[in-house]
Amino acid sequence: MISVLFTTAFVSVAIVAGVGPLQSAANSENNALKTVSDFTSISDRAARSKAIFEEASRVITHPRCINCHPATRSPTQGEDMHPHVPLMIAADSSFGPAGMACSTCHGPENRDIVGSRLKSIPGNAHWQLAPASMAWQGLTVGEICRQVKDPARNGNRSHADLIKHMGTDHLVGWAWHPGSGRTAAPGSQETFAALISAWVDTGAECPD
């Protein structure tokens, strides 16, 4: 998925990239995700599937993720999802315009900034904006769900591919290791992937 934003050395950005499925030390108990076992009491399979995706959507709709899935080809940034500074228009590319690609400012890993209010510049070796077909901003959780499971709009991924992508992709995993000055996504990549797997196993039903 997870997807990405761009910035300069003078601006902060909220993004999704990855460093693996370990839980960030910055996460607190009130930022935890429910686990699959928390939904076993829902006897109706379809209702359980929908409830599981609703919980997983707490990650998907978190600024660390949704900033990278903008409604337009211009990413947003920060907790308030304000327009990216400087203005970036990806057009048909996921890597930024010619002469100012994402990698101009974003390196292969987070970089702390000494003496700056920004704390750090986020980075990942595969930094890029989500494809236009994966725009999430402005959609309901149900609409995002239907998009996520549609191969025509999810990068031609099968259900098995989705589970692997959510659980192992380093760009997705960055959401739990966003660098200084940013809140991490809820839970951990491992818990998130388990929820996606359980959602698939229960029929991949989508909320209304």
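- In this view, Arg153 and Asp150 satisfy the side-chain hydrogen bond (donor to acceptor under 3.5 Å, both in side chains) rule, not counting sequence neighbours.
- Ser49 and Thr202 are linked by a side-chain donor-acceptor pair at a separation below 3.5 angstrom, with hydrogens and angles left out of the test.
- Within the 3.5 Å criterion, the main-chain N or O of His177 finds a donor-acceptor partner in the side chain of Asn110.
- Side-chain contact, Asn67 with Thr76: a donor N or O sits under 3.5 Å from an acceptor N or O.
- The minimum heavy-atom distance between Ala51 and Phe39, with the atom names listed, is O-CE2, 3.6 Å.
- The backbone N or O of Asp112 lies less than 3.5 Å from no partner atom in the side chain of Lys119, so there is not a single donor-acceptor pair.
- The distance from the NZ atom of Lys50 to the SG atom of Cys145 is 9.5 Å, given to the nearest 0.5 Å.
- By the 4.5 Å heavy-atom criterion applied to side chains, Cys206 and Phe53 are not counted as neighbours.
- No option in Cys68, Pro75, Pro70 other than Pro70 meets the side chain to side chain contact (heavy atoms under 4.5 Å, CB included) test with Gln137.
- A distance of 10.0 Å separates CD1 in Ile52 from CG in Asp38, rounded to the nearest 0.5 Å.
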Next item on the list: Kindly indicate, with the supporting measurements, whether the criterion side-chain contact (heavy atoms from CB on, under 4.5 Å) is fulfilled by His159 and Ile196.
Entry: CA-CA 9 Å; His159 285 169; Ile196 295 297; over 6 Å; no

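- The two atoms that bring Asp201 and Arg45 nearest to each other are O-NH2, 2.8 Å, heavy atoms only.
- For the residue pair Ser120 / Arg111, no side-chain donor-acceptor distance below 3.5 Å is found, with atom types taken as modelled.
- Smallest separation of non-hydrogen atoms from Lys149 and Trp199: CB-CH2, 3.8 Å.
- Of all non-hydrogen atoms in Leu195 and Glu55, the two that sit nearest each other are CD1-CG, 3.9 Å.
- Put simply, the side chain of Glu109 does not reach to within 4.5 Å of the side chain of Asn124, judged on heavy atoms.
- The shortest non-hydrogen separation linking Trp136 to Ile66 is CB-CG1, 4.1 Å.
- What you find for Ala71 and Ala135 is that their closest heavy atoms are CA-CB, 4.3 Å.
- Side-chain contact between Gln128 and Leu171 is present, with at least one heavy-atom pair separated by less than 4.5 Å.
- Distance alone, capped at 3.5 Å, is enough to place a donor-acceptor pair between the Thr140 side chain and the Glu143 backbone.
- Formation of a donor-acceptor pair under 3.5 Å by the Arg64 side chain with backbone atoms of Val59 is not found in this model.
- Once rounded to the nearest 0.5 Å, the distance linking CG of Asn31 with OG of Ser188 reads 11.0 Å.
- No hydrogens or angles considered: nothing links the side chains of Ser41 and Arg48 as a donor-acceptor pair under 3.5 Å.
- Ile163 CD1 to Ser197 OG: the interatomic distance, rounded to the nearest 0.5 Å, is 4.0 Å.
- Counting non-hydrogen atoms of neighbouring residues, nucleotides and ligands closer than 6.0 angstrom, the CG atom of Asp80 exceeds 12 such neighbours.
- In terms of modelled atom types and a separation under 3.5 Å, the side chain of His106 and the main chain of Pro122 share a donor-acceptor contact.
- For Thr191 (side chain) and Gly187 (main-chain N/O), no donor-acceptor pair under 3.5 Å exists by modelled atom type.
- Rounded to the nearest 0.5 Å, atoms CD (Gln147) and CG (Asn154) are 8.5 Å apart.
- Leu87 shares a hydrophobic cluster with Ile89; the chain of contacts runs through ILVMFWY side chains whose heavy atoms sit under 4.5 Å apart.
- Donor-acceptor pairing under 3.5 Å is lacking for the side chains of Ser37 and Thr40.
- Partner of Leu129 under the side chain to side chain contact (heavy atoms under 4.5 Å, CB included) criterion, chosen from Met88, Arg73, Met134: Arg73.
- Between Ser57 atom OG and Leu139 atom CG the span is 12.5 Å, to the nearest 0.5 Å.
- Looking only at distances, no side-chain donor or acceptor of Glu54 sits under 3.5 Å from a matching main-chain atom of Gly142.
- With hydrogens and angles ignored, the 3.5 Å screen pairs a side-chain donor or acceptor of Thr168 with a backbone N or O of Lys164.
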